[in-house]
Amino acid sequence: MPSMHETEPRTHILPGSFFARDTVTVAHGLLGKILVSRRGDTVTGGRIVETEAYLGTHDPGSHAATKGITGRNAVMYGPPGRAYVYFTYGNHHMLNVVTEPEGIAGAVLVRALEPLFGVDAMMRRRASRAAGARLRERDLANGPGKLAAALGIDLADNGSVLGTGTLAVHDAPDPTEPVATSGRVGLSDGHELELRFYLEGNPYVSKGRVGPRPARTRS
DNA sequence: CGCACGATGCGCT
DNA sequence: GCGCATCGTGCGA
């Protein structure tokens, strides 16, 4: 049973052509694939169990909605197969994979991983953010902010080419779990579109709630 | 268990 | 200034 001591997957890195397709196809196709982060000697990663598709100018939930190219979203319009990382809520980084041919905006948010590699390192990175609390393995990367923290991802990864540097997606057999679809999590606009994909019954899927973001009351 | 809320910093109007 | 592709904690059931 090699999994306990495995430090990196033996499978092939996905080619750029995998990402140069329509965003929904890529979001669906990434389920079950293996995301790997390499920071020096530290290798962490796991199986992708939840994704969301973010489309171009006609998608009200996308950073590319109506605004055109800005400093933040420019990577979404660039070549496919790169990481689009942004910072939000003052605390959290989000990892996306750029899709569609160059010039067309699109990205897939990777929302949850089933941890496979470097579990101890992921625990350490996550513990620094949640001091004191005991962390279950199923809570290591069951949400996009947790996933980025566990893999050590920050803005330095924005625009990096997947498979050539510190981040890569490896091929894997098609998942045995059925793929379920729902509205996207945490959006005020565009949550009604069925663009979230996850492996039904997998315990590492996030518990984020689907629907309109509740209005925040101010004091 | 579920729901409610504050933290926190940057992009955009 | 406002809002955000979130998270952890606190509190009640």
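Here is the naming used below: chain letters follow the sequence lines, and residue numbers restart at 1 for every chain.
Between the CZ atom of R111(A) and the C1' atom of dC7(C) there is a distance of 12 Å, rounded to whole Å. Put simply, OH on Y86(A) is 18 Å from P on dG3(C), counting in whole angstrom units. For the pair L140(A) CG and dG8(C) P, the computed distance is 11 Å after rounding to whole Å. As a whole-Å value, the separation of L193(A) CG from dA5(C) C1' is 13 Å. Residue N91(A) contributes atom CG, which lies 15 Å from atom P of dG6(B) at whole-angstrom precision. Atoms CZ (F87(A)) and P (dC12(B)) sit 15 Å apart, rounded to a whole Å. If you measure from atom CG of L109(A) to atom C1' of dA5(C), you get 6 Å, rounded to the nearest angstrom. Distance, E192(A) CD to dA5(C) C1': 14 Å, rounded to whole Å.
Nucleotide dA5(C) forms a pair with no other nucleotide shown, judged by Watson-Crick or G-U wobble geometry with both contacts under 3.5 Å. Base pairing annotation: dT8(B) forms no Watson-Crick or G-U wobble pair, as no partner gives both donor-acceptor distances under 3.5 Å.
Here R184(A) lies out of heavy-atom contact (under 4.0 Å) with every strand. Residue-level contact check: S188(A) touches the backbone only, with heavy atoms under 4.0 Å from sugar-phosphate atoms and none from bases. At the heavy-atom level, G186(A) lies under 4.0 Å from the strands shown only through sugar-phosphate atoms.
Here the closest non-hydrogen pair linking L199(A) and V205(A) is O-CG2, 3.6 Å. Minimum interatomic distance between V85(A) and N158(A) (heavy atoms only, all atoms of both residues): N-OD1, 2.9 Å.
Mapping T88(A) and D139(A) onto DNA chain C by nearest heavy atom places T88(A) at the nucleotide closer to the 5' end. With DNA chain C read from its 5' end, the first of the two nearest nucleotides for D189(A) and P144(A) is the one closest to D189(A).
Side-chain contact of S182(A) with E194(A): a donor-acceptor pair under 3.5 Å is absent, judged by distance alone. Side-chain contact, T25(A) with D22(A): a donor N or O sits under 3.5 Å from an acceptor N or O.
Taking every side-chain heavy atom of R126(A) into account, dC7(C) is the closest of dC7(C), dA5(C), dC10(B).
A salt bridge does not link D120(A) to R125(A): none of the charged nitrogens lies less than 4.0 Å from a carboxylate oxygen.
Distances shorter than 4.0 Å separate none of the side-chain N or O atoms of R209(A) from OP1 or OP2 on dT6(C). Regarding contacts with the backbone of dC12(B), a side-chain N or O of T70(A) is found under 4.0 angstrom from either OP1 or OP2. The shortest distance between the side-chain N/O atoms of K146(A) and the OP1/OP2 oxygens of dG8(C) is below 4.0 Å. Residue H63(A) places at least one side-chain N or O under 4.0 Å from the OP1 or OP2 atom of dA5(C).
Judged by distance alone, with hydrogens and angles left aside, Y89(A) brings no side-chain donor or acceptor close enough to the base of dA5(C) to form a pair under 3.5 Å.
Between H63(A) and Y84(A), the ring-plane angle classifies as perpendicular under the 30° and 60° cut-offs.
Aromatic stacking of Y54(A) on dA5(C): satisfied, with centres closer than 5.5 Å and planes within an angle under 30 degrees.
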